[in-house]
2 protein chains.
Amino acid sequence: MARATGCNLETIRYYEKIGIMPDPPRNTKGYRSYDDAHVRRLKFVMRSRDLGFTLEEVRGLLGLVDEQSRTCAEVQVIAEDHLTDVRAKIADLKRIERVLSDTVARCTGDAAPECAVIDALLEA
Amino acid sequence: MARATGCNLETIRYYEKIGIMPDPPRNTKGYRSYDDAHVRRLKFVMRSRDLGFTLEEVRGLLGLVDEQSRTCAEVQVIAEDHLTDVRAKIADLKRIERVLSDTVARCTGDAAPECAVIDALLEA
DNA sequence: CCTTGAGCCTGTATCAACTACAGACCCTAG
DNA sequence: CTAGGGTCTGTAGTTGATACAGGCTCAAGG
C-alpha cells in the first residue's frame with residue numbers, strides 16, 4: 001500500500017496506531033493485507049492532510065464519511081473553519097514577507113560589519 | 001525578565017537550556033539575575049522567531065552578532081534563504097486556499113448527505 | 001511568630017505528525 | 001546456502017515550546 005499510494009510505510013502504521021486507519025487483517029505470518037477500501041481511505045487521508053487539515057480534522061471528516069447520516073452542512077462547517085485558518089496563516093506570512101524583504105533590500109551585501117537585518121532585529 | 005519582555009517564563013529557561021540564552025549569574029539562593037544585555041538578547045530572539053526564523057537560524061544570527069567580524073554578506077545569505085522559505089510557504093497555502101474555497105463554494109450547505117468537499121477528497 | 005500566597009527552582013512529561021532506528025523474523029533468487 | 005530485501009514490534013528522536021510536580025524562598029498581614 002505504501003508503494004501504491006506513495007505514503008511512507010511508517011506513516012501508514014502510525015495512522016493505524018492512532019486509529020485513523022483500521023487494523024487490517026493479517027496473513028498467517030502476521031503480515032498486513034490491504035484491499036481497495038483501505039487504499040481509498042488512505043488516499044482520502046493523504047489528500048486531506050495535503051490540504052492542511054490536522055489529523056483530528058481528518059478524523060472528524062472520516063467520521064462523517066463513515067456514517068451515512070452525515071450532512072453537507074456538517075462538512076461545510078469543518079471546511080470553512082479550516083479555510084479561515086489557512087487565510088489567517090497566509091496573512092501572517094505575508095506580513096513576515098513584507099518585513100523581511102524590506103529589510104533585506106537595505107542590505108548592502110558587502111564585507112562591512114554593518115547590516116540592516118541585524119539592526120532591525122536589534123532595534124527596540 | 002519574563003515580565004519585561006512578555007516572554008513566557010518557561011520559554012526563557014528553555015532557551016537557556018538549549019544554549020540560545022547564556023546561563024545567567026545566580027544570587028546566593030540560586031535565583032537567576034538578568035541585566036540589560038540579557039533583555040536585549042532575548043528581544044532579538046523574540047523578534048527573529050516572530051519573523052519565522054527557526055531557533056537554529058536564530059543561533060546562526062546570534063553567532064554573527066557575537067563575533068565582531070561578521071559581515072553584512074553573511075547575514076544577507078541567512079535572511080534571503082529564509083525569505084525564499086517564507087515565499088514557498090505562502091505559495092503552498094495559496095494553492096490550498098484556492099482548492100478549498102473552490103470546493104466549499106460548491107457546498108449546498110443543506111441537510112443532504114451529498115457534499116462537494118467529501119466528493120473532492122474521495123476522488124482519485 | 002505564624003500563615004498565606006506568590007514567585008522561583010529543577011526535572012520530567014506532553015503536544016503534532018511523523019521519522020528513524022534496533023532487533024527479529026520471513027521469503028525469494030542465485 | 002547465503003545474501004538481499006521485505007516485514008514485524010516497539011521505542012526514541014524531531015521542533016518549539018508548554019504544563020505540571022514537588023520543593024524552596026520571600027514579603028505582607030494578623
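Separating the OH atom of B:Tyr15 from the P atom of D:dT15 is a distance of 14 Å, rounded to the nearest angstrom. Between the P atom of C:dC18 and the CG atom of A:Leu9 lies a distance of 14 Å, rounded to the nearest Å. As a whole-Å value, the separation of B:Ile18 CD1 from D:dT14 P is 12 Å. At whole-Å resolution of the value, CG in A:Leu55 and P in C:dA17 are 5 Å apart. Separating the CG atom of A:Asp50 from the C1' atom of C:dA17 is a distance of 15 Å, rounded to the nearest angstrom. To the nearest angstrom, P of C:dC9 lies 8 Å from CD of B:Glu16. Across the protein-nucleic acid pair, B:Tyr34 atom OH and C:dG7 atom P stand 16 Å apart, rounded to whole Å. Atom CE of B:Met1 is separated from atom C1' of C:dG7 by 16 Å (rounded to the nearest Å).
Taking only side-chain atoms of A:Tyr31, from C-beta outward, the nucleotide of C:dC26, C:dC18, D:dG16 with the closest atom is C:dC26. When distances run from any side-chain atom of B:Arg32 to the nucleotides C:dC18, D:dT25, C:dT10, the shortest one goes to C:dT10.
Checking the phosphate oxygens (OP1, OP2) of D:dT15, no side-chain nitrogen or oxygen of B:Thr54 falls inside 4.0 Å.
The pair B:Arg59-B:Glu56 counts as a salt bridge, with a side-chain nitrogen and a carboxylate oxygen less than 4.0 angstrom apart. A:Lys89 has no carboxylate O lying under 4.0 Å from a charged side-chain N of B:Asp92, or vice versa, which leaves the two without a salt bridge.
Mapped onto DNA chain D by nearest heavy atom, B:Lys29 and B:Asn8 fall at different nucleotides, with B:Asn8 at the one closer to the 5' end. Residue-to-nucleotide proximity on DNA chain C shows that, of B:Lys17 and B:Arg13, the 5′-proximal contact is made by B:Arg13.
Within 3.5 Å, a donor on the side chain of A:Glu10 pairs with an acceptor on the base of C:dC21, or the reverse.
Looking only at side-chain heavy atoms (C-beta outward), A:Ile20 and A:Tyr14 stay at 4.5 Å or farther from each other. A:Pro25 is not listed as a side-chain neighbour of A:Arg32, based on a closest heavy-atom distance of 4.5 Å or more.
Backbone-only contact: A:Arg26 has heavy atoms under 4.0 Å from sugar-phosphate atoms and none from a base. Nucleic acid contact class of B:Phe53 (heavy atoms, under 4.0 Å, all strands): none.
The ring-ring contact (aromatic ring centres under 6.0 Å, His included) check on A:Tyr34 picks up A:His38, with sequence neighbours excluded.
Bending across the helix from C:dC1-D:dG30 to C:dG30-D:dC1, expressed as the angle between its end axes from five pairs apiece, amounts to 30° (10° rounding).
When each of B:Val104, B:Thr103, B:Ile118 is tested with A:Val75 by the rule side-chain contact (heavy atoms from CB on, under 4.5 Å), just one qualifies, namely B:Ile118.
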Enumerate, atom names and distances included, each donor-acceptor pair closer than 3.5 Å involving a side-chain atom of residues 1-9 of chain A, sequence neighbours excluded.
{"residue": "A:Thr5", "atom": "OG1", "partner": "A:Met1", "partner atom": "O", "Å": "2.8"}
{"residue": "A:Thr5", "atom": "OG1", "partner": "A:Cys7", "partner atom": "N", "Å": "3.1"}
{"residue": "A:Asn8", "atom": "OD1", "partner": "A:Glu10", "partner atom": "N", "Å": "2.8"}

